[in-house]
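Okay, structure first, notes after.
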Amino acid sequence: MLTDNAIGTHTIKASEFKAKCLKLMDVVAETGRELIISKNGRPVARLVPYHRKPESLFGIDTGKLEILGDVIEPLNVEWEANR
């Protein structure tokens, strides 16, 4: 039986995990939530969804950002440091 702990992750006993391992792997992959596996009431392992790391950070936000206005032209704002 899955139980929620204080930080919102599910916890399961090792014996139960062993019996339902493949199904629990599918659940973690679908929901994106981690699963803590305990033995004798103590956490011993954590099953987390796999996320592939990007090869490069260049272009990671392509299509997520929109530039509004001219980002090159200086602003006509007087800074406090100039006073």
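Owing to the predicted nature of the structure, the values given are computational and were not obtained by experimental measurement.
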Could you tell me whether Asp70 atom CG has more than 12 heavy atoms of other residues or ligands within 6.0 Å of it?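 Yes, the 6.0 Å shell around CG holds more than 12 heavy atoms from other groups.
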**Prompt:** Apart from Val71 itself, which Ile, Leu, Val, Met, Phe, Trp or Tyr residues share its cluster (side-chain heavy atoms under 4.5 Å, direct or through members)?
**Reply:**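 In the cluster with Val71 are Ile67, Ile72.
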* Asked: If you take all heavy atoms of Lys64 and Ile60, which pair is closest and at what distance?
  ->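 The answer is NZ-O, 3.9 Å.
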Donor-acceptor pairs under 3.5 angstrom involving side-chain atoms of residues 42-52: please list them, not counting sequence neighbours.
{"unit_1": "Arg46", "atom_1": "NH1", "unit_2": "Glu34", "atom_2": "OE1", "d": "3.4"}

How long is the span from the [atom1] atom in [X] to the [atom2] atom in [Y], to the nearest 0.5 Å?
{"X": "Phe17", "Y": "Lys23", "atom1": "CZ", "atom2": "NZ", "value": "14.0 Å"}
{"X": "Asn40", "Y": "Lys13", "atom1": "CG", "atom2": "NZ", "value": "10.0 Å"}
{"X": "Cys21", "Y": "Asp26", "atom1": "SG", "atom2": "CG", "value": "9.5 Å"}

* Test side-chain contact (heavy atoms from CB on, under 4.5 Å) on Leu35 and Ile12 and set out the steps. => CA-CA 7 Å; Leu35 178 65; Ile12 190 169; 3.9 Å; yes
